[in-house]
There are 2 protein chains.
Amino acid sequence: MRLILVAGTTRTAEIEGITAAGASRDLLVHTPSADSEILAYGDTVRAPVTPVSPGGCPTPAVVTRAVRELLGFDAAVVDAGLATPTGAPTVSVGARPGADIREPDPVRTAPGAFAAAREFGRALPDDRIVVGETIPGGTTTAMAVLRALGEDALPATSSSLPENPVDLKERVVAAAFESSEIDPGQAAHTPELAVRFVGDPVLAVAAGLVTGALESGTEVVLGGGTQLLAVAALVRHAGVPAPATLATTPYLAADVPDLAPAADTLDLDLTVADPGFDAPAAGPLSAYADGVAKEGAGMGGALHLAAEAGRLGVVREATRTVLDRVTGDGDRSTGVSDDVPIDDPEADDGP
Amino acid sequence: MRLILVAGTTRTAEIEGITAAGASRDLLVHTPSADSEILAYGDTVRAPVTPVSPGGCPTPAVVTRAVRELLGFDAAVVDAGLATPTGAPTVSVGARPGADIREPDPVRTAPGAFAAAREFGRALPDDRIVVGETIPGGTTTAMAVLRALGEDALPATSSSLPENPVDLKERVVAAAFESSEIDPGQAAHTPELAVRFVGDPVLAVAAGLVTGALESGTEVVLGGGTQLLAVAALVRHAGVPAPATLATTPYLAADVPDLAPAADTLDLDLTVADPGFDAPAAGPLSAYADGVAKEGAGMGGALHLAAEAGRLGVVREATRTVLDRVTGDGDRSTGVSDDVPIDDPEADDGP
């Protein structure tokens, strides 16, 4: 078993008001790199900040890491267009950061990255993988990709913000189709084109990875919400019918009432595990239950693993421990500046 | 605790007769990528072959992986100039493949990679790291680096071949100094220049990593032989006096009688753990005891961890299991061709 975090960026995230996956627009670009480090090391290493929402909700990566510390499973990060250096080890599949989907050809590397990720997914020796994502702005690109596939009936309405800016997303998606070579529904059965023209590199890589893994008989758990639903739709449009599991959080499930029928349509077994972050003892974790950062960085998949192992009841405590660590080491934890040095510059004077 | 494999290449390895870290010269370039995959996944993923010596001795990476499967420790790979794609997740520090050291400036990226690896080593949150290397031809570049530092008294004479080609190495090292800007002893206290002009990118990155880790108070175990001894010398020449451990195999220790005093000189606590590969039950593992591939890919460090955990007695069996796996999946295991497809090319036809 291995949890694979697909981490990347799209400049779509820079549109004012579209995402909460970072304390400010300047810091968003570091979120996937920092999430990757938190998964790999339990703390940030090169990333200058621990990702928090503007209101202070910590990144879901701390939950995924906490479950990893409880269960000890293997993890890997695939570079799906990281825009800043990460200290986490990453697998390369040739993806580059995605441009704003309102540009004509925002993810040129998508077809190549899809193919390379598919090969990688086929070659993985694991019996089972859990796939998560981290990409600010990713729900908007997921919405556009579902439109491109003609899967308008599937829900694409969740958000890392308590008040989902649906109108803004609709305008962005409409502008994406206006500028691109494809119309809604025109990328049916050509998932690479959907992600290339109106998607993001994380959708391309995650879809390729899952396609390859299912093709080679690997069991796949999609750990996430509407973005992973879009990944499943891409996999189906790649012609792969093998069933998979969609494991998400209760906060995401509550936000997307149509999730169950959508999962059913895509032949996904939907599972929801509740870590009890709405309890008084949850402290800062209650922000998840309040509807901020409802899902991400494989959180739903990790909770599913914890539930399977009968350890769901200790996830809250373990998450507090990780959270104290990632926010407890001085300036790196403030999340309010992107130029905080990661160590003492005086010590740079080598011989 | 984390085992960090520093993986890279030098074209010095292409000199006929200089290394056994691959079945043929054409396959040498894949060895570090394959070793990285075996450590990460327990099998090759993208690499076309499982590394074996010309006589069929399996890569020491299978031993390191076997111990990892026994103990469950974290691992990471740092890309110190890989020349072929690896499916293993890797940390980037800006290293590029090294040229033949008989060229004037074979490792231009060395100073930058040393500095980036040092930052990374400082920032790592682990209490303890075990550092290993995989780079065919690395004992020759290590010899040259010790000369450049003026550490001629330190032994640099082990090899992955039963009959160490010392004369050939001496000629290569002499040619390296002839073509470069530095003379023997001239890089004392400037380790970056030693690795740049007569070294390899793995020495640069491993030395930077260990320097940074020791500077930040992390305990360091150097898992290897004479190449890790050269790393320690570079760290001392970087002005870092903190003690560390050198953990090696009995096969390497038997081959380098001066290892103990050398370790003492560098303030390294030498430790040797014997996995009993000379027993009749060891089967193909007896090739290690016979003097082929005596050390590498962190093997000595992994054995040290197994001994600490009281599990040394089961390493042989665990290694056989990994070995059967990596050599048991069809054409990929033959080690005699570098153009074996890693999966069915028919299946490449996406929608």
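Each chain gets a letter, A, B and so on, in the order its sequence line appears, and its residues count up from 1. These figures come from a predicted structure and were not determined experimentally.
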### Message
Does atom CZ (B/Arg96) have a neighbourhood of more than 12 heavy atoms from anything else shown, all under 6.0 Å?
### Response
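Open.
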#### Entry: Winner by heavy-atom pair count (cut-off under 4.5 Å) against chain A, out of B/Ala88, B/Gly72, B/Gly87
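Greatest number of close heavy-atom pairs with chain A: B/Gly87.
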### Message
Using heavy-atom distances under 4.5 Å, tell me whether A/Ala115 contacts chain B through its side chain, its backbone, both, or neither.
### Response
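For A/Ala115, neither part sits under 4.5 Å from chain B.
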#### Entry: Close side-chain approach of B/Thr90 and A/Pro89, heavy atoms under 4.5 Å
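SC-SC contact between B/Thr90 and A/Pro89 ruled out.
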### Contact check, side chains of B/Val45 and A/Arg122, non-hydrogen atoms, under 4.5 Å
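Side-chain contact under 4.5 Å: no.
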Of the backbone (N, CA, C, O) and the side chain (C-beta and beyond), which part of [X] lies under 4.5 Å from a heavy atom of chain A, both, or neither?
X	value
B/Asp74	side chain
B/Ala75	neither
B/Val93	both

### Task
Could you have a look at A/Ser92, A/Ala76, A/Ala116, A/Pro85 and say which one has the most heavy-atom pairs with chain B under 4.5 angstrom?
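Most heavy-atom pairs under 4.5 Å with chain B: A/Ser92.
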